[in-house]
Amino acid sequence: QLVNNTTTAGITKLGCLAGSVAAVKGEGVVGAGTGPLDAVVGLFVNDLAGNAYESSSAAASEKGVFVMGMGEYEVNIYETQDFATGNISVMPNYTAGKPLYCSQNGLLTVAEGLNGLQAPGGSTIIGIITKAPSVADPFMRFITRI
């Protein structure tokens with residue numbers, strides 16, 4: 001049935017993934033973060049992507065649930081490559097005590113994952129890593145600062 005469903009084939013899928021950064025985009029509008037200088041307010045809890053009315057209530061309602069305020073969270077979605085080349089792994093840089101920022105892709109990253117390999121002045125620190133991800137356990141734990 002999915003192969004034969006052509007009614008939504010030409011529609012570009014837009015939205016946010018669970019675990020991606022939520023930022024203020026205008027008055028009353030929260031969307032995906034696009035960089036370290038964004039007005040970050042939290043992290044999306046559920047996926048807000050896909051086709052409206054296709055088992056995706058967030059895409060259908062245009063309402064994205066996000067968490068905000070202090071707390072400790074775990075995610076397994078974050079930048080793994082540097083922004084400048086896309087080739088250099090930043091995984092070894094995820095260590096306990098390092099600050100997290102919003103990448104240009106709207107995901108959590110360390111400074112080495114940002115354009116220029118460092119956080120620009122005025123960057124919003126989203127959280128501090130308390131447990132680094134590894135090959136055996138890809139979940140990263142952090143305490144939020146937003």
Side-chain angles (χ1 to χ4, degrees), residues 2 8-146:
L2 291 176
T8 60
I11 297 173
T12 303
K13 310 298 185 280
L14 300 173
C16 305
L17 296 173
S20 62
V21 177
V24 174
K25 294 298 176 183
E27 189 171 333
V29 179
V30 173
T34 55
L37 299 175
D38 272 1
V40 175
V41 292
L43 298 172
F44 284 102
V45 175
N46 301 321
D47 286 345
L48 176 60
N51 296 315
Y53 310 107
E54 196 172 82
S55 299
S56 180
S57 60
S61 68
E62 296 183 0
K63 305 276 189 254
V65 178
F66 62 94
V67 294
M68 57 189 277
M70 299 296 278
E72 188 169 24
Y73 302 95
E74 278 193 6
V75 295
N76 67 343
I77 180 170
Y78 42 81
E79 294 290 352
T80 58
Q81 305 294 320
D82 74 314
F83 181 79
T85 67
N87 297 325
I88 301 169
S89 174
V90 295
M91 291 302 292
N93 296 300
Y94 286 100
T95 57
K98 282 197 104 168
L100 293 169
Y101 304 95
C102 175
S103 76
Q104 287 81 354
N105 296 320
L107 300 176
L108 293 172
T109 189
V110 288
E112 292 83 357
L114 295 170
N115 193 10
L117 307 178
Q118 63 183 359
S123 296
T124 302
I125 296 176
I126 296 171
I128 304 295
I129 299 172
T130 57
K131 182 183 91 48
S134 67
V135 174
D137 182 7
F139 286 88
M140 173 177 59
R141 185 178 305 133
F142 60 97
I143 296 173
T144 57
R145 307 247 339 248
I146 49 176

In short, ring pair (Phe, Tyr, Trp, His ring centres under 6.0 Å) pairs touching residues 90-140 with sequence neighbours left out are Tyr78-Tyr94
Looking at [X] and [Y], what are the two nearest heavy atoms and their distance?
X	Y	answer
Gly33	Ala23	CA-CB, 4.0 Å
Leu17	Phe44	O-CB, 3.8 Å
Ser20	Leu107	CB-CD2, 3.9 Å
Ser123	Pro120	OG-O, 2.5 Å
Ile129	Thr95	CB-O, 3.5 Å
Ile128	Pro99	CD1-CA, 3.8 Å

**Asked** Hey, mind stepping through Ile126 and Cys102 against side chain to side chain contact (heavy atoms under 4.5 Å, CB included) and telling me if it holds?
**Response** CA-CA 7 Å; Ile126 296 171; Cys102 175; 3.9 Å; yes
Exercise. What pairs meet the salt bridge (charged side-chain N to carboxylate O under 4.0 Å, His left out) rule with one or both residues in residues 94-113, with sequence neighbours excluded?
Worked result: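 For residues 94-113: Lys98-Glu112.
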* Stepwise side chain to side chain contact (heavy atoms under 4.5 Å, CB included) test for Val110 and Leu100 -> CA-CA 5 Å; Val110 288; Leu100 293 169; 4.2 Å; yes
Worksheet item: Looking at residues at least two apart in the chain, or sitting in another chain, which of them share a salt bridge (charged side-chain N to carboxylate O under 4.0 Å, His left out) with Asp82?
Response: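 Result, salt bridge (charged side-chain N to carboxylate O under 4.0 Å, His left out) vs Asp82: none returned.
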Under the side chain to side chain donor-acceptor pair (under 3.5 Å) rule, collect the residues that match up with [X], sequence neighbours excluded.
X	answer
Glu74	Arg141
Glu72	Thr130
Asp137	Lys131

With side chains defined as the heavy atoms from C-beta onward, is the minimum distance between [X] and [Y] less than 4.5 Å?
X	Y	result
Asp38	Val21	no
Ser103	Leu108	no
Leu114	Gln104	yes

*asked:* For a side chain to side chain contact (heavy atoms under 4.5 Å, CB included) check, start with the C-alpha distance between Val135 and Met91, then their side-chain angles and the critical distance, and finish with the verdict.
replied: CA-CA 10 Å; Val135 174; Met91 291 302 292; over 6 Å; no
Treating Thr144 as the side-chain partner and Gly127 as the backbone partner, does any N or O pair qualify as donor plus acceptor under 3.5 Å?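 No.
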